[in-house]
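In what follows, a single structure is set out as structure tokens and then discussed.
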Amino acid sequence: MITTEIKNKIASAIRERSAMYPSSAKYAMKLGINKSILSRIMNGETERVLDNARWVSIARLLDVAIGGQTTWMRAETPVYVYVTE
């Protein structure tokens, strides 16, 4: 279940990045949603706008951390050392 707090975090990221696109139609297409849904999110509406799977996919697209995700740590294996040299 995606909480309201997480939805607001994703919606905030959507609003912040909207200036990078020339039109809301193109931005909505990039996010994989309808232009009217994007408009509702831009106006602050988050409940019953998208299903949980779509919220998660947008969060991943915009690099929004949505939970207790662990950070990646690199392991300096022989392959890693070879590739980075």
Exercise. In the single-linkage hydrophobic clustering (I, L, V, M, F, W, Y; side-chain heavy atoms under 4.5 Å), do Tyr21 and Ile10 co-cluster?
Worked result: yes
Problem set entry | Value rounded to 0.5 Å, distance of NZ in Lys35 from NZ in Lys26 | 12.0 Å
Problem set entry | Student check: side-chain heavy atoms of Ile41 and Glu45 closer than 4.5 Å | no
Exercise. When you measure from the side chain of Arg40 to the backbone N and O of Val49, does any donor-acceptor pair fall under 3.5 Å?
Worked result: no
For this session: Would you mind reporting whether Thr46 and Trp55 have side-chain heavy atoms less than 4.5 Å apart?
Result: yes
For this session: Please lay out, stage by stage, how Asn8 and Thr3 fare under the test side chain to side chain contact (heavy atoms under 4.5 Å, CB included).
Result: CA-CA 9 Å; Asn8 288 333; Thr3 65; over 6 Å; no
For this session: Indicate yes or no: at least one non-hydrogen side-chain atom of Leu31 is less than 4.5 angstrom from one of Leu62.
Result: yes
Exercise. What is the distance from atom CD1 of Ile58 to atom CG of Leu50, rounded to the nearest 0.5 Å?
Worked result: 5.0 Å
Exercise. Can you tell me how far the CG atom of Leu61 sits from the CZ atom of Arg17, to the nearest 0.5 Å?
Worked result: 9.0 Å
For this session: Report the distance from atom CE of Met29 to atom OG of Ser23, rounding to the nearest 0.5 Å.
Result: 7.5 Å
For this session: With side chain to side chain contact (heavy atoms under 4.5 Å, CB included) as the test, would you mind laying out the steps for Leu38 and Tyr27 before giving the verdict?
Result: CA-CA 8 Å; Leu38 176 61; Tyr27 190 38; 3.8 Å; yes
Problem set entry | Distance in Å, Ile6 CD1 paired with Ile66 CD1, rounded so as to fall on 0.5 Å steps | 6.0 Å
For this session: May I ask you to decide if Tyr80's main-chain N or O and Thr84's side chain share a donor-acceptor pair within less than 3.5 Å?
Result: yes
Exercise. Where the side chain of Ser57 meets the backbone of Arg54, is there a donor-acceptor pair that is under 3.5 Å apart?
Worked result: yes
Problem set entry | Where Glu47 and Thr4 come nearest, the two heavy atoms and their spacing | OE2-OG1, 2.9 Å
Exercise. Under the 3.5 angstrom rule, does the side chain of Arg60 hit a backbone N or O of Ala65 as a donor-acceptor pair?
Worked result: no
